[in-house]
2 protein chains.
Amino acid sequence: MSRSTRNPARVFAALGDETRLALVIRLSAGEPLSISRLTEGSRLTRQSVTKHLRVLENAGMVRCAHSGRESLFELNPRPIAQVREYLDRVSKQWDKALSRLKSFVENEV
Amino acid sequence: MSRSTRNPARVFAALGDETRLALVIRLSAGEPLSISRLTEGSRLTRQSVTKHLRVLENAGMVRCAHSGRESLFELNPRPIAQVREYLDRVSKQWDKALSRLKSFVENEV
DNA sequence: TCATTATGCAACCTCCAAGTTGCATAATAC
DNA sequence: GTATTATGCAACTTGGAGGTTGCATAATGA
């Protein structure tokens, strides 16, 4: 179960770690990668990388498919799209507040 | 010093906590608010809220101005805009990879 | 002046995230 | 069949995040 659809904080928390952010970037190239492949080039242990992948999976940002003895991880773009929209709304609210303030000042003067 | 301009992971980490996310939402209304005001309506202690505000400040997402005995916190929209652009780039890379895959499959068939 | 309000600072507790090591096992290669 | 590779599971350590309480102090109100 992807426990976190519609849970922006969890997605942000998942992205809030350098290692996991790097994994997401790597997977955004499209090619599904195994744990071993994802561990290559990292200074961390395979088990550590695995734990990070589980975190990403629980945040719904990554899916795991098993093929033979390999676990292939692939990016799920939906949560990223959702938090993009979330941040868009925050920015819009801020802009609105700003323009309200501006017109208020103009009317005062 | 806003230690984290150009540090997306830190900004994501700052947003990755329900309390801090709520603070950001509240401050996105534009009005600078004091610590006491920001503590009202929360079930947390003033000191806890203060700590969260410091985290947001270190991430550059919030600025503190002192007025009399009050500490007024205001949202800084820049980091949010930056991580928006960051996520836009990730999404674009994903879309590119996807269309490459698509055309590859079409040419194969 | 005296009480109240808003905050800062520091010590402390608890829990979990992040990382490690070790071992077991399934799948593949030779 | 045997060695190698890819992974899972479990136990353990450690640092820091998140939260609290207590006290000190500056600014404001009466």
Side-chain angles (χ1 to χ4, degrees), chain A residues 1-4 7-27 31-74 79, chain B residues 1 3-4 7-27 31-75 79:
Chain A
M1 39 178 164
S2 61
R3 289 275 299 94
S4 74
N7 190 348
R10 177 175 298 219
V11 177
F12 285 133
L15 292 172
D17 177 280
E18 308 269 6
T19 302
R20 287 194 292 266
L21 194 51
L23 288 171
V24 167
I25 298 302
R26 198 137 163 224
L27 291 175
E31 187 187 4
L33 295 172
S34 72
I35 298 178
S36 301
R37 293 287 299 271
L38 288 169
T39 303
E40 287 172 16
S42 162
R43 267 167 297 176
L44 299 180
T45 319
R46 170 182 61 87
Q47 285 83 345
S48 184
V49 173
T50 303
K51 280 194 183 179
H52 283 296
L53 287 169
R54 296 305 169 198
V55 172
L56 289 172
E57 194 178 25
N58 286 333
M61 312 193 60
V62 130
R63 293 198 213 89
C64 177
H66 301 272
S67 161
R69 61 179 163 183
E70 286 185 319
S71 292
L72 296 176
F73 283 86
E74 187 183 18
Chain B
M1 38 177 164
R3 289 276 299 98
S4 74
N7 190 348
R10 178 174 298 217
V11 176
F12 286 132
L15 292 172
D17 177 280
E18 308 270 6
T19 302
R20 287 194 293 268
L21 195 51
L23 287 171
V24 167
I25 298 301
R26 196 136 164 224
L27 290 174
E31 188 187 4
L33 295 172
S34 73
I35 298 178
S36 301
R37 293 287 300 271
L38 287 170
T39 304
E40 288 171 15
S42 163
R43 267 167 297 177
L44 299 180
T45 320
R46 169 182 61 86
Q47 286 85 342
S48 183
V49 173
T50 303
K51 280 193 183 180
H52 283 296
L53 287 169
R54 296 305 168 198
V55 173
L56 290 172
E57 194 178 25
N58 286 333
M61 311 193 60
V62 131
R63 292 197 214 90
C64 177
H66 301 272
S67 161
R69 61 180 163 182
E70 287 184 318
S71 292
L72 296 176
F73 282 86
E74 188 184 18
L75 188 68

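Naming: A, B, ... by sequence-line order, numbering from 1 per chain.
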Q | Distance, nearest 0.5 Å, that separates CG of A:Leu15 from CG of A:Asp17 | A | 10.0 Å
(Q) Quick check: closest heavy atoms across B:Leu72 and B:Ser34, and the distance to 0.1 Å? (A) CD2-N, 3.7 Å
Atom pairs, N/O to N/O, protein against nucleotides 28-30 of chain D, distance under 3.5 Å?
none

Q.
Minimum heavy-atom separation for A:Arg10 and A:Asn58, please, with both atom names.
A. NH1-O, 3.7 Å
Q. If each of B:Glu70 and A:Arg20 is mapped to the nucleotide of DNA chain C with the nearest heavy atom, which maps nearer the 5' terminus, i.e. the 5' end?
A. B:Glu70
**Q.** Rounded distance [0.5 Å steps], CG in B:Leu56 versus OG1 in B:Thr19
**A.** 10.0 Å
Q.
Could you tell me the boundaries of the chain B footprint on DNA chain C, defined by atoms under 4.0 Å from its heavy atoms?
A. C:dT5 to C:dC9
Q: List in chain and number order the residues that pass side-chain contact (heavy atoms from CB on, under 4.5 Å) with B:Ala13, two or more places apart in sequence or in another chain; answer none if no residue qualifies.
A: none
(Q) Give me each pair satisfying side-chain hydrogen bond (donor to acceptor under 3.5 Å, both in side chains) with a member in residues 35-53 of chain A, each pair once, sequence neighbours excluded. (A) A:Arg20-A:His52
Q) What heavy-atom pair brings A:Phe73 and A:Cys64 nearest, and what distance separates the two atoms? A) CE2-CB, 3.6 Å
Q. Where do B:Leu27 and B:Leu75 come nearest, in terms of heavy atoms and distance?
A. O-CB, 3.9 Å
Q: Give B:Ser71 one of three labels, base, sugar-phosphate or nothing, depending on what nucleic acid heavy atoms sit under 4.0 Å from its own.
A: sugar-phosphate
Q) What residues, two or more places apart in sequence or in another chain, satisfy side chain to side chain donor-acceptor pair (under 3.5 Å) together with B:Ser71? A) B:His66
Q: By nearest nucleotide on DNA chain C, pick out whichever of B:Arg54 and B:Lys51 is the more 5' one.
A: B:Arg54
(Q) Please give me the minimum heavy-atom distance between A:Pro79 and A:Val11, naming the atom from each residue. (A) CB-CG2, 4.2 Å
Q) Which ones in residues 35-47 of chain A lie close to DNA chain D, meaning a heavy atom under 4.0 Å from one of its atoms? A) A:Ile35, A:Ser36, A:Arg46, A:Gln47
